[in-house]
Asks: 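The structure is given below, and queries will be raised subsequently.
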Amino acid sequence: MARGALIRLASTPESVAAAAASEVLAVLEAAMAWRGEAHLALSGGRTPAALHRVLASLPFDGWSHVHVWFGDERMVAPAHADSNYRMARETLLSAVPVPEPQVHRWETELGPGEAASRYDAALRDLATRQERSAPAFDLLLLGMGADAHTASLFPGSPLLADAADGVDRAAPFATAVEVPTLNTWRLTVTPATIRAARTVFVLVVGGDKHAALRRVLGASPDPLEAPATLLHDVPGDLAWYVDRAALFGKPG
Ligand SMILES: O=C(O)[C@H](O)[C@@H](O)[C@H](O)[C@H](O)COP(=O)(O)O
């Protein structure tokens, strides 16, 4: 079980974003105080937009020391409406002064294989600079789907076998996965990278996530059919930021 696995409950998606935002900045401040820089990995989907907007509105003068990564990405152009990079650009990166070289986008225009190997190489460079065996995001933001997927680790993914038996094989840190249920390719960090994060915040809002959240926070979830279960094994600090609808199955 992760040290410090907390459930932070707020009434609505907006109050979840507000509660998480000040904690995100606190983690970034600490990382910069101790190491001179902070590595923040953003999540995709719809939920993070509210958090990003709050982050962009808060007084924080450390953005020039922040490196922004992406926990996963869809195989679309960066300007595509489904792009996680585009969502982050529109809701956060256009409003805060993160230097362009410090925004580490998946280069989807190169195709899944090349985009994944370049991201994996960038993560290996980070691990080398950090003198660690795996790249350590100071803060990894994640969401969870109604099927309990997280990042782009979907139920039945062969990548979860690593998480299931906890064996740290020489797995890549970033990879391309074909998602049969979506009939598409996704780019994602692997369980090894998730486990290497110093702090993980998982934002889960909405009644449609209730059944999955009950499974994942329940007695003996199976990471193969509920991938977000692997988050229980992160050695770093873990906090679930949830609204009442997700936790209790009814509106706030
Ligand atoms: O690229 C993605 O879609 C995300 O990384 C994915 O893991 C997301 O966090 C969940 O699907 C929840 O998405 P919502 O926030 O849209 O519910």
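Both ligands and their constituent atoms are indexed starting at 1 by order of listing.
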Asks: Using heavy atoms and a threshold below 4.0 Å, how should the contact between L142 and ligand 1 be classified: side chain, backbone, both, or neither?
Replies: neither
Asks: Between M144 and ligand 1, which part of the residue brings a heavy atom under 4.0 Å of the ligand: side chain, backbone, both or neither?
Replies: backbone
Asks: Starting from atom 3 (O) of ligand 1, locate the nearest protein heavy atom and write down its residue, its atom name and how far away it is, to 0.1 Å.
Replies: R74 NH2, 2.7 Å
Asks: Has R214 got more than 12 heavy atoms of other residues, nucleotides or ligands less than 6.0 Å from its CZ?
Replies: no
Asks: So which protein heavy atom does atom 13 (O) of ligand 1 come closest to, and at what separation?
Replies: G45 CA, 4.0 Å
Asks: L217 versus I7: any side-chain heavy-atom pair under 4.5 Å?
Replies: yes
Asks: Which residue and atom name correspond to the protein heavy atom nearest atom 15 (O) of ligand 1, and how close is it?
Replies: T47 OG1, 2.6 Å
Asks: Does E225 pair with R215 as a salt bridge, N-O distance under 4.0 Å?
Replies: yes
Asks: Measure the CD-CG distance between E107 and L187 for me, rounded to the nearest 0.5 Å.
Replies: 11.0 Å
Asks: Please check this pair: side chain of D120 against backbone of F173, looking for a donor-acceptor N/O pair closer than 3.5 Å.
Replies: yes
Asks: Quick one: side chains of residues 20-40, donor-acceptor pairs under 3.5 Å with protein atoms, not counting sequence neighbours, listed by atom name and distance.
Replies:
| unit_1 | atom_1 | unit_2 | atom_2 | d |
| --- | --- | --- | --- | --- |
| S22 | OG | A19 | O | 3.4 |
| R35 | NE | D138 | OD1 | 3.4 |
| R35 | NH2 | D138 | OD1 | 2.7 |
| E37 | OE2 | H39 | NE2 | 2.7 |
| E37 | OE2 | R129 | NH1 | 3.3 |
| E37 | OE2 | R129 | NH2 | 3.4 |
| H39 | ND1 | W69 | NE1 | 3.0 |

Asks: Who passes ring pair (Phe, Tyr, Trp, His ring centres under 6.0 Å) against Y241, sequence neighbours left out?
Replies: F201
Asks: So does R186 pair up with D72, basic N to acidic O under 4.0 Å?
Replies: yes
Asks: Of the protein's non-hydrogen atoms, which lies at the shortest distance from atom 17 (O) of ligand 1, and what is that distance?
Replies: K209 NZ, 2.7 Å
Asks: Return yes if some donor-acceptor pair links the side-chain N/O of S43 with the main-chain N/O of G143 below 3.5 Å, else return no.
Replies: yes
Asks: Can you tell which part of S152 has a heavy atom less than 4.0 Å from ligand 1: side chain, backbone, both or neither?
Replies: neither
Asks: To check your reading of the model: name the closest protein heavy atom to atom 11 (O) of ligand 1, its residue, and the distance in Å.
Replies: H149 NE2, 2.8 Å
Asks: Looking only at protein heavy atoms, which one is nearest to atom 16 (O) of ligand 1, and what is the separation?
Replies: R46 N, 2.7 Å
Asks: What atoms in ligand 1 come closer than 4.0 Å to a heavy atom of A151?
Replies: 5 (O), 6 (C), 7 (O)
Asks: Among all protein heavy atoms, pick out the one at the shortest distance from atom 8 (C) of ligand 1; state its residue, atom name and that distance to 0.1 Å.
Replies: G44 O, 3.9 Å
Asks: Distance under 4.0 Å to a non-hydrogen atom of G143: what atoms of ligand 1 satisfy this?
Replies: 9 (O)
Asks: To check your reading of the model: name the closest protein heavy atom to atom 5 (O) of ligand 1, its residue, and the distance in Å.
Replies: D72 OD1, 2.6 Å
